[in-house]
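Following: one structure in structure tokens, then a few remarks.
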There are 2 protein chains.
Amino acid sequence: MVTLAEVAQHAGVSASTVSYVLSGKRSISSTTRTRVEESIRELGYHPNAGARALASSRSNIIALMVPLRTDMYVPVMMEIAIAVATAARAHGYDVLLLTGEEGPDAVRRVAGSGLADAMILMDVELDDERLPLLRGTDQPSVLIGLPADTAGLTCVDLDFRATGALCVEHLALLGHRDIAVIGEAAAVYERHTGFAERTLDGLRSRASELGVRLLHRPCEGGYDAMAATLARVLDERPGTTGFVVQNESAVEPLLALLRQQGRAVPEDVSVVAVCPEQVAVQASVRLTSVAIPAQEMGRSAVEQLVAKLDGRGSDDVVLIAPELTVRASTGPAPAATPA
Amino acid sequence: MVTLAEVAQHAGVSASTVSYVLSGKRSISSTTRTRVEESIRELGYHPNAGARALASSRSNIIALMVPLRTDMYVPVMMEIAIAVATAARAHGYDVLLLTGEEGPDAVRRVAGSGLADAMILMDVELDDERLPLLRGTDQPSVLIGLPADTAGLTCVDLDFRATGALCVEHLALLGHRDIAVIGEAAAVYERHTGFAERTLDGLRSRASELGVRLLHRPCEGGYDAMAATLARVLDERPGTTGFVVQNESAVEPLLALLRQQGRAVPEDVSVVAVCPEQVAVQASVRLTSVAIPAQEMGRSAVEQLVAKLDGRGSDDVVLIAPELTVRASTGPAPAATPA
DNA sequence: AATCGGAGTCGAAGCGCTTCGACAGCCTAT
DNA sequence: ATAGGCTGTCGAAGCGCTTCGACTCCGATT
């Protein structure tokens, strides 16, 4: 393993000079610089991460805590994770992958050991037990998701409230008066995951403003669960003509079931999804949807974090504005059936 | 930030004693040990990762290189990644997430900087450009996936050859004579990703042994692509009664299309999938399938790696035996239609 | 002509930990 | 009784890097 000292010797300069060439923290004559750079290349030198971290108390690592639950909105998680890793590299950081398994201890461990300079938390619950720790440490952090109390925290998320409102609005403008919301699995609501509750909030308040009737039902993924949920919904509100779906793995089952029951989309029934772009495009009916901008969320979280690490941070809540793309799954409400 | 020295002082012992309590590398009297442990708890001490890495030249970090392409078999990737992270923690390692983006340079960087003690590579191509580097370094590594030449490498993968064979076999035993294989997107084959080609190998050789006719067609995910592919298949081989699908995002579209064309599953047509358990169970027809054991692959890779790091490693290829679970999507071939 | 300041370089002092050799007790085998 | 071997502890020497102060030139300022 090549060391700084060897590079220095090879280039005929002192170790500190090499260090300054690397960091650019002091001016170096261009002749020396090129000589050193050549030596580095020639010897295939890579600075030792541990030594660097020790001396500078900067690890150049960002910790990313992803939820352990792999059963939910997985592709989104993955996309965010990859976006985070990519964006972090672009700023010279590596990413340490922590699972939610360790829980709050992970925060202590990472902050205490100097393993990472900062952390990004995903899957934040409304009243997350990691938050007090985060507030108590001076380690910069960014949340992807919105807890109930954001004081002193930096958060990045899609504006799910606005998302909910947007969906209702779209359907209402098309004349739908009875809308059913197919939500995430009940467990998600029980855990008080912010995004689910906030979407619901947005849906409900806009619905009442517009005088639209709303029925919300959580739903596990999969065909059978969706079938049961749909049956209950149609039983309770036979006049339902609009659906808002916020559960990737319920989308295709819903479409299949509607088709099977002879309800045409979008002629008889309209469907709006809150899901990744890809799901909306690949579905059997191209779905009108609000995309979950996973990439942007990941990138933006890193940007916020890097800003903080560079001392130009702020405790902001960045809410990404939702965009509704109209595709083939929504249309005017059918003429009201006689009462 | 609490240091070893402070703990030592608090406990009234020398720094080295604290270190030995932590590492267990020398015997310590139980009285001293408990005293030190108490001080550690009381002060909330966490060893500094950088210092530890520098002094011991061990970072206790495993690097995980995941493919950048987020468009393919994503949930499997994620599940593997999480399994790796979890298993690694159980052995005292953290996981550094690298995207494929950097390519071979990432290998150099990680190996050169001592950032990680070892690495796990996913999405290995048959003739992967990272392999020479891996062979050239003394950094332990494990591949998830199988390259063409495994000499000097440790690999973990599902036995996709056997998987292919198993699928054909199952259909052949049920009397199917004309089988169509719906594969991954063409790009996957063009990249010479091992698993896709090896599945095909297994399918073909077993098919010819059993005298079954096989038609293989790559297919992008999604409804439209599947529709086009299915049309071509049925045009070319109208007598097709068995399908093997190795493409998660083609599964549901295929089922929907068959239904739509009045071909009942499993009465008229049988479908076997190679996909994660969850997909098979949640599909609109519960699918007979060979599961992709993501968890086990991740866990096993870590196990191999840790063994290597502890000096009891071997350059093995661990092929996980496929298991075919019969569900509701396969049945006896219908009576042959008159010629 | 004397002074000042910036540019460029060096040496040395750590950063917090591991680990090696040394040593003081104590027990056991001769 | 004495040598030998354990056990438990300590001190000191790094690990490879960053960074601070100091020093040397050299051109620009008065």
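Sequence lines set the chain letters: A, B, ... in the order given, protein chains first and strands last, and positions in each chain run from 1.
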Between the side chains of [Y] and [X], is the shortest nitrogen-to-carboxylate-oxygen separation below 4.0 Å, so that they form an ion pair?
{"X": "B:Arg109", "Y": "A:Asp94", "result": "yes"}
{"X": "A:Asp315", "Y": "A:Arg135", "result": "no"}
{"X": "B:Arg198", "Y": "B:Asp159", "result": "no"}

What is the distance, to the nearest angstrom, from the [atom1] atom on [X] to the [atom2] atom on [N]?
{"X": "B:Asn48", "N": "C:dG16", "atom1": "CG", "atom2": "P", "answer": "7 Å"}
{"X": "B:Glu6", "N": "C:dG16", "atom1": "CD", "atom2": "P", "answer": "8 Å"}
{"X": "B:Asn60", "N": "C:dC17", "atom1": "CG", "atom2": "C1'", "answer": "13 Å"}
{"X": "A:Leu54", "N": "C:dC15", "atom1": "CG", "atom2": "C1'", "answer": "4 Å"}
{"X": "A:Leu22", "N": "D:dT19", "atom1": "CG", "atom2": "P", "answer": "12 Å"}

Each nucleotide of nucleotides 7-12 of chain C classed B (base within 4.0 Å of a protein heavy atom), S (only sugar-phosphate) or -, in 5' to 3' order, makes SSBBB-
Between B:Arg52 and C:dT18, does any side-chain N or O lie under 4.0 Å from OP1 or OP2?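 For C:dT18, OP1/OP2 do have a side-chain N/O of B:Arg52 under 4.0 Å.
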> Can you tell me if the side-chain N/O atoms of B:Lys25 get under 4.0 Å from OP1 or OP2 in C:dT18?
Replying inline: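 So the side-chain polar atoms of B:Lys25 never come under 4.0 Å of the phosphate oxygens OP1 or OP2 of C:dT18.
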Hey, does the side chain of [X] reach the backbone of [Y] with a donor-acceptor pair shorter than 3.5 angstrom?
{"X": "B:Ser23", "Y": "B:Lys25", "result": "yes"}
{"X": "A:Thr17", "Y": "A:Val13", "result": "no"}
{"X": "B:Arg89", "Y": "A:Glu102", "result": "no"}
{"X": "A:Thr193", "Y": "A:Glu125", "result": "no"}
{"X": "B:Ser300", "Y": "B:Met297", "result": "no"}

Give A:Ser19 one of three labels, base, sugar-phosphate or nothing, depending on what nucleic acid heavy atoms sit under 4.0 Å from its own.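 Since a base atom lies under 4.0 Å of A:Ser19, the category is base.
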Next on the checklist: Please determine whether the number of non-hydrogen atoms from other residues, nucleotides or ligands lying under 6.0 Å from atom CG of A:Asp149 exceeds 12.
Outcome noted: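 Counting neighbours around CG of A:Asp149, more than 12 heavy atoms of other residues, nucleotides or ligands fall under 6.0 Å, so yes.
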B:Ala51 or A:Val18, whichever maps to the more 5' nucleotide of DNA chain D: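 With B:Ala51 and A:Val18 compared, the 5'-side residue is B:Ala51.
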- Message: When the axes are fitted on five pairs at both termini, how much does the helix from C:dA1-D:dT30 to C:dT30-D:dA1 curve, in 10° steps?
- Response: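 Axis-to-axis angle, ends of the helix: 40°.
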